[in-house]
Protein chains: 2
Amino acid sequence: MRRTRFDRWPCPIARTTDLVGDWWTPLVMREAFAGRRRFEDFQRALKVPRAVLARRLDRLVDEGLLKKVSYEEHPPRYEYRLTDKGRAFWDVLAAMWRWGSDWLWGKNGPPVILVDNETGREVRPLVVDENTGIRLTGRRLHIGRKQDVRPPS
Amino acid sequence: MRRTRFDRWPCPIARTTDLVGDWWTPLVMREAFAGRRRFEDFQRALKVPRAVLARRLDRLVDEGLLKKVSYEEHPPRYEYRLTDKGRAFWDVLAAMWRWGSDWLWGKNGPPVILVDNETGREVRPLVVDENTGIRLTGRRLHIGRKQDVRPPS
DNA sequence: CTCCTAAGTTCATCTACCGAACTACATAGT
DNA sequence: ACTATGTAGTTCGGTAGATGAACTTAGGAG
């Protein structure tokens, strides 16, 4: 039996889970943000089984997070580059980064941090409400049907 | 062969992937935030295979995102409640929500939205830098070793 | 002619997910 | 006493997907 698919469920978390729930996929995206583009780069960096990597890259291209770009004619070779949709996915990785840093390490935290290229300072991702700038908490929120909510101002 | 584990990798994204990469797990957490506490509640809401749900709940308890609380003595019954660590995980789901809403639907967006319990308004999660309040983008960042970065101010 | 790189594919093995059925324990009804 | 219902799982046969290793295809370098 096929693993239950969430990609047509009417919930953004479910559909996103269908992607990040594929083993290795968030790490492939992490490597894409780290500048990797070629099959062998991804494979060497992650030690991911080659068959799995091929399937993940294919899917990420299908879903539009990566695009396949030719970089050589003879023999034909392609590399994988982030699209706008793929770059937007950074937010999800950043939230995972922050939560993992805060909760999956001992008191010293992880040995790596996110650094701003321009200022050289550490960056700490935080999830806020776009309108109010206030930090989100699950307790203050619920999931509602769109038509039940009054439009913003 | 066991599926490659990421939970000891020295990267917060990898360790978090080890959790969210378990099929169904983000949806179980979504339901926890929606107020579900009991096995049957989760099972009915998600239609998840019971054996899988049992394993996911066990793992989430092991990892400290949920805690098992007795609510009845005869017969012994337990419910699953969010811990602080579990509540903090909301940020990850919120980022998934936002990206899924923005990129996995047609022009009308998903039929559901996040609503603030107090104001009744829609909430749109956004990932920013905690220090500067500026929206994050993957392009401006890199991953660095902690000791290479000058401390903040 | 042999070795090397790149980007995969193929293969056998094993894990984990699938739906359905079953168990265990208590209560309520007839 | 027997049956039905509710809750929280466990067990089971079948199958999709992950794993590591070897293989393929195409070209370039020594």
Side-chain angles (χ1 to χ4, degrees), chain A residues 1-9 14 17-29 31-32 35-63 66-81, chain B residues 1-9 14 17-29 31-32 35-63 66-81:
Chain A
M1 270 138 240
R2 193 160 55 240
R3 199 165 50 170
T4 306
R5 285 277 142 200
F6 310 132
D7 57 350
R8 294 295 155 198
W9 287 28
T17 297
D18 199 86
L19 258 177
V20 303
D22 273 342
W23 210 245
W24 291 101
T25 289
L27 296 174
V28 171
M29 290 301 290
E31 291 304 315
R36 317 242 183 241
R37 295 181 168 183
R38 299 187 185 173
F39 190 93
E40 296 293 327
D41 292 337
F42 288 103
Q43 204 282 322
R44 273 193 294 266
L46 293 172
K47 311 281 191 247
V48 48
R50 308 174 72 79
V52 173
L53 178 57
R55 273 223 296 287
R56 294 298 181 270
L57 290 171
D58 277 353
R59 173 143 196 232
L60 288 167
V61 169
D62 278 357
E63 302 275 356
L66 301 176
K67 64 188 166 204
K68 215 168 172 174
V69 177
S70 167
Y71 72 89
E72 183 181 288
E73 296 286 331
H74 296 290
R77 294 276 186 256
Y78 298 88
E79 59 184 19
Y80 298 89
R81 294 200 199 160
Chain B
M1 282 133 242
R2 181 131 99 249
R3 195 167 55 170
T4 307
R5 285 278 143 197
F6 310 132
D7 56 350
R8 294 295 154 198
W9 287 28
T17 296
D18 200 84
L19 259 176
V20 303
D22 273 341
W23 210 243
W24 291 100
T25 289
L27 296 173
V28 171
M29 290 301 290
E31 291 304 316
R36 316 240 184 242
R37 295 181 167 181
R38 299 188 184 174
F39 190 93
E40 296 293 327
D41 292 337
F42 288 105
Q43 204 281 323
R44 274 193 293 266
L46 292 172
K47 312 281 189 243
V48 49
R50 307 174 73 80
V52 173
L53 178 58
R55 273 226 297 288
R56 295 298 181 270
L57 290 171
D58 278 353
R59 173 142 197 234
L60 288 168
V61 170
D62 279 355
E63 301 275 355
L66 301 177
K67 64 187 167 206
K68 217 167 170 174
V69 178
S70 168
Y71 71 90
E72 183 182 287
E73 297 285 331
H74 296 289
R77 293 279 185 254
Y78 299 89
E79 59 183 18
Y80 299 89
R81 293 201 200 160

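- Arg5(B) comes within 4.0 angstrom of no nucleic acid atom, judged by non-hydrogen atoms across all strands.
- Distances shorter than 4.0 Å separate some side-chain N or O of Arg55(B) from OP1 or OP2 on dC17(C).
- Comparing dG9(D), dA16(D), dA8(D) against the side chain of Tyr80(B) picks out dG9(D) as the nearest.
- Put simply, the side chain of Arg38(A) and the base of dA6(C) share no donor and acceptor less than 3.5 Å apart.
- Contact check on Glu31(B) versus Arg37(B) returns no salt bridge, with no Lys/Arg side-chain nitrogen under 4.0 Å from an Asp/Glu carboxylate oxygen.
- Taking the six-membered ring for Trp and thresholds of 30 and 60 degrees, Phe42(B) and Tyr80(B) have ring planes more than 60 degrees apart, a perpendicular arrangement.
- Between Leu57(B) atom CG and dA8(D) atom P there is a gap of 10 Å when expressed in whole angstrom units.
- Here Lys47(A) lies out of heavy-atom contact (under 4.0 Å) with every strand.
- Salt bridge status for Arg77(A) with Glu79(A): absent, with no side-chain N to carboxylate O gap under 4.0 Å.
- For Thr4(B) and dT19(D), the shortest distance from a side-chain N or O to OP1 or OP2 is below 4.0 Å.
- What separates CE of Met1(B) from P of dC11(C) is a distance of 16 Å, to the nearest Å.
- Relative to the side chain of Arg3(A), the nucleotides dA18(D), dA16(C), dG27(D) differ in distance, and dA18(D) lies closest.
- Across all strands shown, Arg77(A) has heavy atoms under 4.0 Å from base atoms, whether or not it also approaches the sugar-phosphate.
- Nearest nucleotide to the side chain of Pro75(A), out of dA8(D), dT10(C), dA26(D): dA26(D).
- Across dA6(C), dT9(C), dA8(D), the shortest atom-to-atom separation from the side chain of Arg50(B) is found for dA8(D).
- Nearest-nucleotide positions on DNA chain D for Pro76(A) and Trp24(A) put Trp24(A) closer to the 5' end.
- At a threshold of 4.0 angstrom between heavy atoms, the contacts of Val52(A) include nucleobase atoms, whether or not backbone atoms are also involved.
- A cation-pi arrangement is absent between Arg44(A) and Phe39(A), since the terminal nitrogen or guanidinium carbon is not both under 6.0 Å from the aromatic centre and inside a 45° cone about the axis.
- Arg2(B) has no side-chain polar atom (N or O) that falls below the 4.0 Å cut-off from OP1 or OP2 of dA16(C).
- For the pair Ala54(A) and Pro49(B), both in contact range of DNA chain C, the more 5′-proximal nearest nucleotide belongs to Ala54(A).
- Taking 4.0 Å as the cut-off between side-chain N and carboxylate O, Asp18(B) and Arg3(B) do not count as a salt-bridged pair.
- Counting non-hydrogen atoms under 4.0 angstrom, Phe42(B) reaches nothing in the nucleic acid.
- Comparing His74(A) and Arg56(A) along DNA chain D, the residue whose closest nucleotide (by nearest heavy atom) sits nearer the 5' end is Arg56(A).
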